[in-house]
Enquirer: 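Supplied in structure tokens, the structure appears directly below.
The residues of the chain are indexed from 1 along the displayed sequence.
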Amino acid sequence: MIVALTGASGAVYGIRALEMLRELPDVETHLVLTKAARATIDHETDRTVADVRALADVVHSDGDLGAPISSGSFRTAGMLVAPCSVKTLSGIATSYDDTLVVRAADVVLKERRPLVLLLRETPLHAGHIRLMADVTASGAIVMPPVPAFYTRPVTIEDIVDHTVGRALDALGIETDHVQRWDGQRGDGRRAGAPSHPVDFSNIARNAAIGAEASEVSRQTTPSSR
């Protein structure tokens with residue numbers, strides 16, 4: 001299984017995917033990190049790039065276009081790009097194979113293997129939507145990491161695990177990290193989870209305080225016009 005991390009926000013998705021795949025003895029992971037991904041890992045997480053590389057069985061340089069995963073004759077089960085930047089999406093949509101991430105994704109598509117892109121961008125303009133339509137027409141699965149709340153998540157880790165588990169579902173890989181919907185027979189809560197989901201009241205309260213502070217600043221700051 002190929003796992004690629006690019007420079008979009010959300011490095012934790014790719015890291016968690018590598019951790020989940022590491023639990024499966026029959027899966028060999030091939031990792032590619034872009035230059036921007038390495039910077040994002042440092043900025044967003046407490047992991048080092050070396051820590052992330054150590055989670056994979058094989059690591060390739062993004063500039064190594066001669067790597068085994070750049071050829072369709074090297075058989076893989078598919079590829080996950082998590083997170084996927086718009087730049088990478090654009091490269092895949094146009095087959096602009098100037099990096100190993102894009103080339104490997106292009107190979108996965110041409111060999112009719114599954115490609116899952118956790119696109120991290122919002123809001124979207126028409127150009128983004130066209131690119132997503134183009135890669136979907138070529139066989140990719142565009143899967144923005146939208147959280148599910150029927151699982152009653154309690155932590156950020158709960159949200160990340162469910163999203164990554166569902167992404168691996170799309171690649172045909174079963175894990176123990178997805179809470180399956182079983183209809184409305186139950187209350188949707190995980191065993192052992194608190195009776196209430198995450199308390200978002202502080203977020204609303206802080207937003208109100210921020211808005212009040214902005215209004216005070218607007219009224220007291222001299223006009224620059």
Side-chain angles (χ1 to χ4, degrees), residues 1-24 27 29-34 36-37 40-41 43-47 51-52 55-56 77-89 92 101 104-105 108 113-124 128-129 131-132 135-136 139-183 186-194 196-200 203:
M1 178 62 61
I2 306 168
V3 178
L5 278 70
T6 68
S9 180
V12 64
Y13 291 111
I15 294 171
R16 193 69 185 105
L18 289 167
E19 291 174 337
M20 289 185 187
L21 291 170
R22 206 170 161 78
E23 298 171 2
L24 306 174
V27 177
T29 52
H30 287 245
L31 172 65
V32 188
L33 298 172
T34 67
T40 303
I41 289 167
H43 185 74
E44 293 186 345
T45 78
D46 294 327
R47 308 292 187 96
D51 292 336
V52 177
L55 294 171
M79 182 174 181
L80 171 66
V81 184
C84 180
S85 66
V86 168
K87 177 181 178 181
T88 299
L89 172 69
I92 297 170
V101 170
V108 165
R113 298 164 186 162
L115 171 65
V116 177
L117 309 176
L118 264 64
L119 179 68
R120 276 286 291 109
E121 189 61 80
T122 190
L124 300 169
H128 299 147
I129 295 170
L131 291 171
M132 288 190 287
V135 294
T136 300
I141 298 171
V142 179
M143 183 180 172
V146 178
F149 291 102
Y150 67 85
T151 61
R152 301 284 189 95
V154 176
T155 66
I156 292 175
E157 288 76 14
D158 291 337
I159 295 172
V160 170
D161 277 8
H162 188 79
T163 296
V164 173
R166 294 288 288 119
L168 295 179
D169 276 353
L171 289 160
I173 297 176
E174 177 76 22
T175 72
D176 296 327
H177 298 281
V178 177
Q179 183 180 343
R180 307 294 176 186
W181 175 253
D182 60 358
D187 63 4
R189 213 161 35 238
R190 296 189 334 277
H196 298 286
V198 178
D199 181 5
F200 292 105
I203 297 176

Enquirer: Not counting sequence neighbours, which residues clear salt bridge (charged side-chain N to carboxylate O under 4.0 Å, His left out) with E174? List them please.
Expert: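 For E174 the salt bridge (charged side-chain N to carboxylate O under 4.0 Å, His left out) partners, ignoring immediate neighbours, are R180.
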Enquirer: Could you list all the salt bridge (charged side-chain N to carboxylate O under 4.0 Å, His left out) pairs where at least one residue sits in residues 113-123, not counting sequence neighbours?
Expert: none
Enquirer: Applying side-chain hydrogen bond (donor to acceptor under 3.5 Å, both in side chains), name anything that partners H30, two or more places apart in sequence or on another chain.
Expert: E28, H60
Enquirer: Is there side-chain contact between I2 and T29, with heavy atoms separated by less than 4.5 Å?
Expert: no
Enquirer: Please list, chain by chain and in numerical order, all residues satisfying salt bridge (charged side-chain N to carboxylate O under 4.0 Å, His left out) with E19, sequence neighbours excluded.
Expert: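 Testing E19 for salt bridge (charged side-chain N to carboxylate O under 4.0 Å, His left out), a comparison that skips the adjacent residues, returns R16, R47.
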Enquirer: Mind checking what makes side chain to side chain contact (heavy atoms under 4.5 Å, CB included) contact with A77, not counting sequence neighbours?
Expert: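 A77 satisfies side chain to side chain contact (heavy atoms under 4.5 Å, CB included) with M1 once adjacent residues are dropped.
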Enquirer: Can you check whether M20 reaches V164 side chain to side chain, under 4.5 Å on heavy atoms?
Expert: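 In contact.
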Enquirer: Excluding sequence neighbours, so at least two apart, what forms salt bridge (charged side-chain N to carboxylate O under 4.0 Å, His left out) with R166?
Expert: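 So R166 forms a salt bridge (charged side-chain N to carboxylate O under 4.0 Å, His left out) with D169.
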Enquirer: Which residues satisfy the side chain to side chain contact (heavy atoms under 4.5 Å, CB included) test with V101, sequence neighbours excluded?
Expert: A4, T6, V32, T34, D62, M79, T88, T99
Enquirer: Per the salt bridge (charged side-chain N to carboxylate O under 4.0 Å, His left out) rule, what does the pair list look like for residues 142-151, sequence neighbours excluded?
Expert: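 Counting only pairs at least two positions apart or across chains, no salt bridge (charged side-chain N to carboxylate O under 4.0 Å, His left out) contact touches residues 142-151.
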Enquirer: Under the rule for side-chain hydrogen bond (donor to acceptor under 3.5 Å, both in side chains), what residues qualify as partners of S9, not counting sequence neighbours?
Expert: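 side-chain hydrogen bond (donor to acceptor under 3.5 Å, both in side chains) list for S9, sorted by chain: E44.
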Enquirer: Side-chain contact test, heavy atoms from C-beta onward, threshold under 4.5 Å: evaluate it for V81 versus L118 and give yes or no.
Expert: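 Heavy-atom side-chain distance check fails, nothing below 4.5 Å.
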